[in-house]
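A quick write-up on the structure given underneath.
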Amino acid sequence: MTRPPYRLVVFDFDGTLADSFPWFTSVINDVADRYRFRRIAPHETHELRGMDARGIVRHLGIPGWKLPFITRHMHRLAARDIAAIPLFPGVPAMLAALDGAGLRLGIASSNRESNIRQALGPAGSHVRHYACGASLFGKVKRLGGLIGAAGFAPSETLYIGDEIRDQLATREVGCDFGAVTWGYTRADVLAAHGPAHLFPRLDAIPEALMAVAASPQGPEKDRTTVVDGLPKPTASRDVNI
C-alpha cells in the first residue's frame with residue numbers, strides 16, 4: 001500500500017470521534033442558568049450550528065471572563081457522564097485502518113485527556129499523541145505543540161474536526177484541515193470554508209487518504225476532496241434543547 005502524503009493525522013474529539021452533541025444539548029441550559037447566559041431555544045439550534053465559536057459566544061451573551069469557569073464546569077460534567085457519551089460507530093475500525101497504514105495518530109481537543117482515553121477504551125491504543133484541555137480559542141497552541149512534539153512538519157499533518165474554529169486553527173498552524181459532516185457545525189457551512197477534505201462518513205477518511213496517496217500529484221491544496229459526491233450529514237443535528 002502506498003503511504004499517504006500525510007504522516008500525522010490529528011483528530012478533534014467531541015463531534016468528530018465522540019457523539020457528544022446529544023449530551024451537550026441535555027446539559028447546556030442548566031449550565032446557562034448556573035452561569036447566567038442565554039438559554040438555547042429549540043428553534044435556535046440550526047442557526048447556532050452555522051456560527052463559529054465567537055459568534056455563538058456573542059449570541060449567548062457570555063462575557064470572556066466567564067469562559068474558563070464554564071469550560072471547567074463542562075469538563076466536570078463530561079467526566080461525570082462520560083459513559084453516556086459514545087464513540088460514533090466505526091471509530092475503532094477507522095483508527096485501526098489509519099494506524100495500520102503507517103500513519104501517526106493524535107488528538108487535539110478542548111476535552112480532558114482522561115475523558116477522551118476513557119471514551120476511546122481499547123481504540124486508544126492507536127493514538128500516540130494527545131494535546132487536550134484547550135480553551136475555547138486555544139487550539140492553535142495545542143495543535144501546534146502536538147505536531148512539534150510528534151516530530152513532524154505542519155505540511156505533513158492533517159487535522160480532522162467538525163467546527164469552524166478547528167479550521168481556523170489549522171490555518172494558523174499551517175496544516176491541512178479535514179471537515180466531518182456529522183458533528184456540531186453544519187456540513188454546508190464547513191464546505192463553504194473550503195477544507196482540504198470533506199468527509200461525509202467515517203470510513204471515507206481512510207478511503208480518501210488512500211485515494212490521495214495513489215494520485216501521482218499528491219493532495220491538491222486548492223480543491224476540497226469530497227468522498228461519495230455531495231456531502232450530507234449522517235443524521236440531523238437540529239435537536240430540541
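What you see is a predicted model; the values in this text were computed from it and never measured. Sequential numbering from 1 along the given sequence is applied to the chain's residues.
- A donor-acceptor pair under 3.5 Å links the side-chain atoms of D52 to the main chain of G55, judged by distance alone.
- Here the CE atom belonging to M51 is positioned 5.0 Å from the CG atom belonging to L48, to the nearest 0.5 angstrom.
- Between V31 and F37, the shortest heavy-atom distance links the atoms O-CE2, 3.7 Å.
- The nearest pair of heavy atoms linking G178 to L158 is N-CD1, 3.6 Å.
- Each of I107 and Y159 belongs to its own hydrophobic cluster when Ile, Leu, Val, Met, Phe, Trp and Tyr are linked at side-chain heavy-atom distances under 4.5 angstrom.
- Centroid-to-centroid, the aromatic rings of Y6 and F152 stay 6.0 Å apart or farther.
- Sorted pairs that involve residues 140-151 and meet side-chain hydrogen bond (donor to acceptor under 3.5 Å, both in side chains), not counting sequence neighbours, are lacking altogether.
- R39 pairs by the side chain to side chain donor-acceptor pair (under 3.5 Å) definition with D33, not counting sequence neighbours.
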Do any side-chain atoms of residues 8-16 form donor-acceptor pairs under 3.5 angstrom with protein atoms, and if so which ones, sequence neighbours left out?
unit_1: D12; atom_1: OD1; unit_2: K139; atom_2: NZ; d: 2.7
unit_1: D12; atom_1: OD2; unit_2: T16; atom_2: OG1; d: 3.1
unit_1: D14; atom_1: OD1; unit_2: S20; atom_2: OG; d: 2.9
unit_1: D14; atom_1: OD2; unit_2: N111; atom_2: ND2; d: 3.0
unit_1: T16; atom_1: OG1; unit_2: D162; atom_2: N; d: 3.4
unit_1: T16; atom_1: OG1; unit_2: D162; atom_2: OD1; d: 3.3

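- Atom-to-atom distance recorded for N115:CG and R80:CZ is 12.0 Å, nearest 0.5 angstrom.
- In this structure, the side chains of L103 and D99 stay at 4.5 Å or more apart for every pair of heavy atoms.
- Looking at residues two or more places apart in sequence or on another chain, you find no side chain to side chain donor-acceptor pair (under 3.5 Å) involving H75.
- Both the sub-6.0 Å distance and the 45° axial angle are not jointly satisfied by R171 relative to the ring of F177.
- Classification of the H197-F199 ring pair by plane angle, with boundaries at 30° and 60°, yields parallel.
- Remark: the R165 side chain and the S110 side chain contain an N/O donor-acceptor pair separated by less than 3.5 Å.
- Applying the side chain to side chain donor-acceptor pair (under 3.5 Å) criterion to E44, with sequence neighbours excluded, gives R38, H59.
- When the side chains of ILVMFWY residues are joined at heavy-atom separations under 4.5 Å, either directly or via intervening members, I164 and I62 end up in two distinct hydrophobic clusters.
- Nearest heavy-atom pair, L198 versus A191, reported as atom, atom and distance to 0.1 Å: CD2-CB, 3.7 Å.
- Remark: side-chain polar atoms of D30 are not paired, donor with acceptor, to backbone N or O of V27 under 3.5 angstrom.
- Panel note: side chain Y130, backbone L146; no donor-acceptor pair is recorded below 3.5 Å.
- Taken from CG in D176 to OG1 in T157, the straight-line distance is 9.0 Å, to the nearest 0.5 Å.
- Annotation for H46 and R186: closest pair O-NH1, 2.7 Å, computed over non-hydrogen atoms.
- Remark: the backbone N or O of H193 is paired with a side-chain donor or acceptor of Q167 at under 3.5 angstrom.
- Looking at every heavy atom in both residues, P22 comes nearest to D19 through CD-OD1, 3.4 Å.
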Please tabulate, for side-chain N and O atoms in residues 81-93, each donor-acceptor pair with protein atoms closer than 3.5 Å (sequence neighbours left out).
unit_1: D81; atom_1: OD2; unit_2: W23; atom_2: NE1; d: 2.8

- Go through the steps for R104 and R7 under the test side-chain contact (heavy atoms from CB on, under 4.5 Å), then give the verdict. CA-CA 6 Å; R104 190 77 66 84; R7 299 178 64 194; over 6 Å; no
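- Follow the hydrophobic side-chain contacts under 4.5 Å out from V57 and you never reach V140; the two are in separate clusters.
- Between the CG atom of L190 and the OG1 atom of T181 there is a distance of 8.5 Å, given to the nearest 0.5 Å.
- Taking CG of L77 as the reference point, atom CZ of F24 lies at 11.0 Å (rounded to 0.5 Å).
- A salt bridge is defined here as a Lys NZ or Arg NE, NH1 or NH2 lying under 4.0 Å from an Asp or Glu carboxylate O, and D203 with R201 meets this definition.
- Between the CD1 atom of I40 and the CD atom of E47 there is a distance of 11.0 Å, given to the nearest 0.5 Å.
- With hydrophobic clusters built from ILVMFWY side chains whose heavy atoms lie under 4.5 angstrom apart, I28 shares a cluster with I70.
- Within the 4.5 Å cutoff, no side-chain heavy atoms of Y184 are placed close to those of R49.
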Margin query: Evaluate L143 against C175 for side-chain contact (heavy atoms from CB on, under 4.5 Å), listing each step before the verdict.
Written below: CA-CA 10 Å; L143 179 58; C175 66; 4.0 Å; yes
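- Cluster annotation: L168 is not connected to V173 through the hydrophobic network of ILVMFWY side chains, with a link wherever side-chain heavy atoms come within less than 4.5 Å.
- Of all non-hydrogen atoms in C132 and I116, the two that sit nearest each other are SG-CD1, 3.6 Å.
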